[in-house]
Novice: 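Sharing a structure, written as structure tokens. Questions coming.
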Amino acid sequence: MVAVSLSGRSKLWVLIKRIYNPSVISSSYSNTQYHSRLIGGLIQKRNLNFQANSTMGICTSSEKFKLGVLLVNIGGPENLNDVQPFLCNLFADPDVIRLPKLFKFLQRPLAKLISILLAPKTKQRYVAIGGGSPLRRITDEQADALRTALEAKNLHANVYVGMRCWYPFMEEAIQQIKWDRITKLVLLPLFPQFSISTTGSSIRVLQRIFMDDAYLLRLPVSIIRFWYRRQGYIRSIADSIVTQLSKFEKPEEVLIFFSAHGVPVSYDENAGDPYKDQIEECIYLITREHRVGPVQWLKPYTNEVLVELGRKGVKSLLAVPIRELGRVPALGCTSSFITDLADAVVEALPSAKSLSILRETAKESDCR
């Protein structure tokens, strides 16, 4: 345990971002019925899901297999010319914008329209952070660090990077995995919490590609669906918070502000997306790590207040600046964080199964 305790006077403010914001880089409550449904028509039974969060023993280097680890992220435009096509790919994902079946044919045209409308303002945001997203560079660095961490555990692995909405796409990475004749694969989405629009979307892509390829269909795969509860992750964030707090003149009076990407309310209420619950639990675990106390939710949100003031006829507004402002950096290649991801990969190996086995099991279950 980290020997740091914050004063009870410290407060916590949790804000769920409800709009796309490229300036924030995205680096359980196990809803088994939902996750089984998510994998698609292939796996409908509650007991047939990709669960790789258990500690089912450790595979040693004496076992003969060629290991691949696929890191998955959203991706991001590397320059301003990439912004509009990146946004088009993002909104063309049926797990990001969920249209009724009757209107599925409008998915791509609607995505193109939205991307054209949003591109100018989004480009301005990317200009503010250097003209492009650093996500690919960071993810490549994490892949190298993870490979090294696995080597330290006497486990050799080829680590691949696949993005959902920009280069290198997941499809490219999976093709390379096939060319390299990998014999066991761990899918590690770099999203600590599970959501339909992130990890869920990645699982759908993997399923679609694998089902059309005889070699991939037989490849044992283990999917780490979420990892926000892992002690290494929680402790790494908590330690980073304490480090940043120590830079303030009066750390005990600092308001700690958590920011996370949001999802549509319908995902939570109608589709059983566990993201919101997992975010809340994650924040609780982080604050408990340093005995901060219960989370205090501060509402209303800033944008809601501004809208309400406009409705009341307010014509002028004075914003009072904050005297001291700090930011906890993303974990990136923090040693404790990468080591914990390597542990997660090792722990996931025993649960690897091929889609062909799962398909046959699903057929048997349907016949009962």
Side-chain angles (χ1 to χ4, degrees), residues 15-26 37-38 40-41 72-136 139 162-174 189-191 193-209 259-273 275-276 301-304 306-307 310-311:
L15 171 67
I16 302 297
K17 284 183 181 278
R18 290 179 285 182
I19 59 173
Y20 172 72
N21 187 347
S23 64
V24 179
I25 301 172
S26 305
R37 200 165 63 240
L38 174 70
V72 177
N73 218 321
I74 290 292
E78 296 182 45
N79 57 62
L80 297 182
N81 291 330
D82 296 339
V83 171
Q84 189 272 322
F86 164 75
L87 290 176
C88 187
N89 290 337
L90 177 67
F91 295 118
D93 187 338
D95 288 314
V96 173
I97 294 184
R98 309 183 80 198
L99 297 177
K101 290 183 179 180
L102 188 62
F103 299 102
K104 287 293 184 184
F105 70 97
L106 293 174
Q107 188 84 45
R108 194 73 190 182
L110 181 61
K112 187 170 184 179
L113 175 61
I114 294 174
S115 67
I116 291 173
L117 294 175
L118 290 182
K121 182 176 291 187
T122 305
K123 285 182 180 180
Q124 294 175 12
R125 292 174 175 171
Y126 278 110
V127 168
I129 61 171
S133 170
L135 194 57
R136 178 174 180 176
T139 308
M163 302 295 188
R164 281 293 296 111
C165 300
W166 203 242
Y167 301 98
F169 289 106
M170 275 186 68
E171 291 84 348
E172 300 173 57
I174 291 173
L190 292 176
F191 315 110
Q193 300 83 19
F194 184 99
S195 176
I196 295 171
S197 58
T198 53
T199 301
S201 177
S202 304
I203 292 175
R204 287 189 185 276
V205 170
L206 181 131
Q207 178 196 345
R208 172 176 55 79
I209 298 172
S259 177
H261 287 288
V263 297
V265 173
S266 60
Y267 284 29
D268 177 58
E269 296 182 350
N270 302 329
D273 194 328
Y275 178 74
K276 177 177 176 290
Y301 299 115
T302 302
N303 59 326
E304 294 175 349
L306 294 176
V307 170
R311 289 174 179 165

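Bear in mind the structure is a predicted one, so any value in this text is a computation, not a measurement. The first residue of the sequence shown is numbered 1, and numbering continues consecutively from there.
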Novice: Just wondering, do Thr139 and Leu190 contact through their side chains at under 4.5 Å, heavy atoms?
Specialist: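 With C-beta onward as the side chain, the pair touches.
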
Novice: Rounded to the nearest 0.5 Å, how far does SG of Cys165 lie from CG of Asp82?
Specialist: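 That separation rounds to 13.0 Å.
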
Novice: For Ser202 and Met170: C-alpha separation, side-chain torsions, deciding distance, then whether side-chain contact (heavy atoms from CB on, under 4.5 Å) applies.
Specialist: CA-CA 8 Å; Ser202 304; Met170 275 186 68; 4.0 Å; yes

Novice: Decide side-chain contact (heavy atoms from CB on, under 4.5 Å) for Lys112 and Arg108; before the verdict, give the C-alpha distance in whole Å, the side-chain angles of both, and the deciding distance to 0.1 Å.
Specialist: CA-CA 6 Å; Lys112 187 170 184 179; Arg108 194 73 190 182; 5.8 Å; no

Novice: Are any non-hydrogen side-chain atoms of Arg136 and Tyr167 less than 4.5 angstrom apart?
Specialist: yes

Novice: Over all heavy atoms of both residues, which pair between Ala111 and Cys88 is shortest? Give the atoms and the distance, please.
Specialist: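 Where Ala111 meets Cys88 most closely, the heavy atoms are CB-O, 3.5 Å.
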
Novice: Find the distance between CD1 (Ile129) and CD (Gln124) and round it off to the nearest 0.5 Å.
Specialist: 13.0 Å

Novice: Answer yes or no: does atom CZ of Phe105 have more than 12 heavy-atom neighbours from other residues, nucleotides or ligands under 6.0 Å?
Specialist: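 Yes, CZ of Phe105 has more than 12 neighbouring heavy atoms, counting only those of other groups under 6.0 Å.
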
Novice: Looking at Thr199 and Ser195, would you say the former's side chain and the latter's main chain have a donor-acceptor pair under 3.5 Å?
Specialist: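 Checking the backbone N and O of Ser195 against the side chain of Thr199, no donor-acceptor pair under 3.5 Å is found.
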
Novice: Pick out which of Asp95, Asn73, Asp93 makes a side-chain hydrogen bond (donor to acceptor under 3.5 Å, both in side chains) with Arg164.
Specialist: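 Single side-chain hydrogen bond (donor to acceptor under 3.5 Å, both in side chains) partner of Arg164 among Asp95, Asn73, Asp93: Asp93.
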
Novice: Do Ile114 and Ile97 come within less than 4.5 Å of each other through their side chains, counting heavy atoms only?
Specialist: yes

Novice: Between Glu269 and Lys276, is the closest basic N to carboxylate O distance under 4.0 Å?
Specialist: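 So Lys276 does not pair with Glu269 through a salt bridge.
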
Novice: If you define the side chain from C-beta out and look only at heavy atoms, does anything of Met163 sit under 4.5 Å from Pro168?
Specialist: yes

Novice: Is any side-chain heavy atom of Phe91 closer than 4.5 Å to one of Leu118?
Specialist: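 Counting from C-beta outward, Leu118 and Phe91 do come under 4.5 Å.
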
Novice: Which atom names give the shortest non-hydrogen contact between Ala173 and Gly162, and what distance separates them?
Specialist: CB-CA, 4.0 Å

Novice: Just verifying a value: how many Å separate Gln84 CD and Asn89 CG, rounded to the nearest 0.5 Å?
Specialist: 9.0 Å

Novice: Side-chain contact, heavy-atom cut-off 4.5 Å: Asp268 with Tyr275?
Specialist: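 No, too far: nothing below the 4.5 Å cut-off.
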
Novice: Answer yes or no: is there a side-chain heavy-atom contact under 4.5 Å between Ile196 and Ser201?
Specialist: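 Heavy-atom side-chain distance check fails, nothing below 4.5 Å.
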
Novice: Once rounded to the nearest 0.5 Å, what's the spacing between atom CG of Leu87 and atom NZ of Lys123?
Specialist: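 The CG atom of Leu87 sits 9.5 Å away from the NZ atom of Lys123.
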
Novice: May I have the step-by-step check of side-chain contact (heavy atoms from CB on, under 4.5 Å) for Val205 and Arg208, ending in yes or no?
Specialist: CA-CA 5 Å; Val205 170; Arg208 172 176 55 79; 3.8 Å; yes

Novice: In sequence, state the C-alpha distance, the side-chain angles, and the governing distance for Arg98 and Asn270, and then conclude on side chain to side chain donor-acceptor pair (under 3.5 Å).
Specialist: CA-CA 12 Å; Arg98 309 183 80 198; Asn270 302 329; over 6 Å; no

Novice: If I take atom OG from residue Ser266 and atom CG from residue Asp273, how far apart are they, to the nearest 0.5 angstrom?
Specialist: 9.5 Å

Novice: Can you measure from NZ (Lys104) to CG (Leu99) and round to the nearest 0.5 angstrom?
Specialist: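 Lys104 atom NZ to Leu99 atom CG measures 6.0 Å (nearest 0.5 Å).
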
Novice: I'd like to check Tyr126 versus Phe86 (side-chain heavy atoms, cut-off strictly below 4.5 Å). Are they in contact?
Specialist: yes

